[in-house]
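Below: the structure, in structure tokens.
Numbers restart at 1 for each chain; the letters A, B, ... are given by sequence-line order, proteins then strands.
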There are 2 protein chains.
Amino acid sequence: MDIKTKVGARLRDVRLAKKLTQEKVSFDSDIDKSYISEVENGRRNISIVNLEKLTLTLGISLKDFFNTTDFS
Amino acid sequence: MDIKTKVGARLRDVRLAKKLTQEKVSFDSDIDKSYISEVENGRRNISIVNLEKLTLTLGISLKDFFNTTDFS
DNA sequence: TAAAAAATTCACTTAAAGTCTAATAGACTA
DNA sequence: TAGTCTATTAGACTTTAAGTGAATTTTTTA
């Protein structure tokens with residue numbers, strides 16, 4: 001699994017765990033919802049600034065975000 | 001400190017801990033050395049693909065890379 | 001203190017990130 | 001079976017990251 005796919009899957013997992021919609025995350029993070037969909041599906045190479053925006057919105061630190069075996 | 005600065009500082013710390021030059025990392029990762037310099041100095045908004053390339057070259061996982069209080 | 005090695009800076013092109021609108025589709029609910 | 005909610009996709013578009021070259025500056029060391 002490539003890194004874009006892993007990051008996208010992790011973002012979706014965290015979002016669903018918090019019972020948030022893409023639209024809500026889009027609104028709160030000020031990142032386009034169609035873009036969020038593509039990131040979650042592993043089709044976009046997200047920058048660190050936008051990744052931080054999303055993790056902030058999702059209420060998880062980058063440290064915790066990457067703290068899974070997928071990123072070992 | 002903004003996220004670009006934190007990531008750059010962390011990359012530099014890891015690189016220096018391994019006693020590598022930017023030129024060596026550039027060669028091994030196939031990323032331009034001037035680009036690496038600018039990333040380390042917080043002037044570039046690096047993407048997840050390039051960040052993974054650099055961490056791979058530096059011999060550290062993304063999990064360990066982000067496992068510092070800076071990213072809490 | 002000069003030379004060599006390492007890092008920085010800047011200007012530039014091009015490739016892709018990221019936005020916007022709108023249409024589509026699936027899932028659920030009344 | 002229409003109506004709402006959610007997610008996906010496409011195309012056209014703007015902005016920005018990626019990537020490079022060359023010159024300059026800083027640091028290290030002979």
Side-chain angles (χ1 to χ4, degrees), chain A residues 1-68 70-71, chain B residues 1-68 70-71:
Chain A
M1 199 174 12
D2 89 346
I3 189 64
K4 292 183 290 181
T5 304
K6 286 182 197 168
V7 165
R10 179 76 170 128
L11 283 169
R12 173 162 286 164
D13 279 352
V14 174
R15 177 176 63 82
L16 293 178
K18 310 240 172 178
K19 300 199 192 299
L20 301 171
T21 64
Q22 288 179 355
E23 197 144 15
K24 165 79 169 148
V25 172
S26 169
F27 182 81
D28 291 348
S29 63
D30 202 36
I31 292 176
D32 196 77
K33 74 186 162 86
S34 69
Y35 179 70
I36 291 176
S37 172
E38 290 179 308
V39 168
E40 285 191 359
N41 287 292
R43 283 193 290 275
R44 294 288 191 153
N45 180 18
I46 196 172
S47 70
I48 192 65
V49 165
N50 272 353
L51 182 57
E52 188 197 32
K53 276 193 202 171
L54 289 179
T55 55
L56 277 172
T57 296
L58 293 173
I60 187 174
S61 67
L62 281 168
K63 175 174 173 174
D64 288 343
F65 181 83
F66 283 103
N67 188 28
T68 81
D70 270 354
F71 301 113
Chain B
M1 201 178 6
D2 89 347
I3 189 64
K4 291 184 292 181
T5 305
K6 285 184 199 167
V7 166
R10 178 76 170 127
L11 283 168
R12 173 162 288 162
D13 279 353
V14 173
R15 177 176 64 80
L16 293 177
K18 309 239 171 177
K19 300 200 192 297
L20 301 171
T21 64
Q22 288 178 356
E23 197 144 15
K24 165 78 169 147
V25 173
S26 169
F27 182 82
D28 291 348
S29 63
D30 201 36
I31 292 177
D32 197 79
K33 74 188 162 84
S34 68
Y35 180 73
I36 291 174
S37 171
E38 291 175 313
V39 169
E40 285 191 0
N41 287 292
R43 241 170 267 120
R44 296 274 191 156
N45 181 16
I46 196 172
S47 71
I48 193 64
V49 165
N50 272 353
L51 183 56
E52 189 198 32
K53 275 194 203 169
L54 289 178
T55 54
L56 276 172
T57 296
L58 293 171
I60 187 174
S61 66
L62 281 168
K63 175 173 173 176
D64 289 343
F65 181 83
F66 283 103
N67 189 27
T68 83
D70 270 355
F71 301 113

In short, salt bridge (Lys or Arg N to Asp or Glu O under 4.0 Å) pairs touching residues 41-68 of chain B with sequence neighbours left out are E38(B)-R44(B)
Whole-Å distance, N41(A) CG to dT6(D) P, equals 17 Å
Per-helix bend value, the helix from dT1(C)-dA30(D) to dA30(C)-dT1(D), C1' rotation axes over five pairs per end, 10° rounding, shows 50°
Looking only at the side chains, is there a donor atom on one of T68(B) and D70(B) sitting less than 3.5 Å from an acceptor on the other?
no
Sorted by chain and residue number, the side-chain hydrogen bond (donor to acceptor under 3.5 Å, both in side chains) partners of N45(A) (sequence neighbours excluded) come out as S47(B)
Across all chains, not counting sequence neighbours, the salt bridge (charged side-chain N to carboxylate O under 4.0 Å, His left out) partners of R12(B) are E40(B)
Atom NZ of K18(A) and atom P of dT6(D) are separated, to the nearest Å, by 19 Å
In short, G59(B) meets K18(B) closest at the heavy-atom pair O-NZ, 3.4 Å
The side-chain hydrogen bond (donor to acceptor under 3.5 Å, both in side chains) partners of T55(A) (sequence neighbours excluded) come to none
Shortest non-hydrogen pair, K6(A) vs M1(A), comes out as CE-O, 3.2 Å
Phosphate-side-chain proximity, S37(B) and dT8(C), N/O vs OP1/OP2 below 4.0 Å: yes
Report task. Could you check L51(B) against F66(B) for side chain to side chain contact (heavy atoms under 4.5 Å, CB included), going step by step and ending with a plain yes or no? Result -> CA-CA 11 Å; L51(B) 183 56; F66(B) 283 103; 3.7 Å; yes
Applying side-chain contact (heavy atoms from CB on, under 4.5 Å) to S29(B) and not counting sequence neighbours gives V25(B), I31(B), I36(B), L54(B), T57(B)
Between CD of E38(A) and P of dT19(C) the distance, given in whole Å, is 11 Å
Restricting both atoms to N or O, compile the protein contacts to nucleotides 26-28 of chain D shorter than 3.5 Å, with distance only.
none

CD1 of I48(A) to CG of D2(B), rounded to nearest 0.5 Å, is 10.5 Å
Sorted by chain and number, sequence neighbours left out, side-chain contact (heavy atoms from CB on, under 4.5 Å) with D13(A) holds for none
Please tell me if the side chains of V49(A) and K4(B) come closer than 4.5 Å, counting only heavy atoms from C-beta onward. yes
So CG of L56(A) and CD1 of I3(B): to nearest 0.5 Å the spacing works out to 8.5 Å
In short, F71(A) meets F65(A) closest at the heavy-atom pair CE1-O, 3.8 Å
Hits for side-chain hydrogen bond (donor to acceptor under 3.5 Å, both in side chains) against K24(B), two or more places apart or cross-chain, chain-then-number order -> D28(B)
Within residues 42-58 of chain A, those residues having any heavy atom closer than 4.0 Å to DNA chain D are R43(A)
Per the under-4.0 Å heavy-atom filter, residues of residues 6-14 of chain A near DNA chain D come out as R12(A)
Here the residues of residues 23-36 of chain B within 4.0 Å heavy-atom distance, strictly under, of DNA chain D are D32(B), S34(B), Y35(B)
Between CG of L20(B) and P of dA6(C) the distance, given in whole Å, is 11 Å
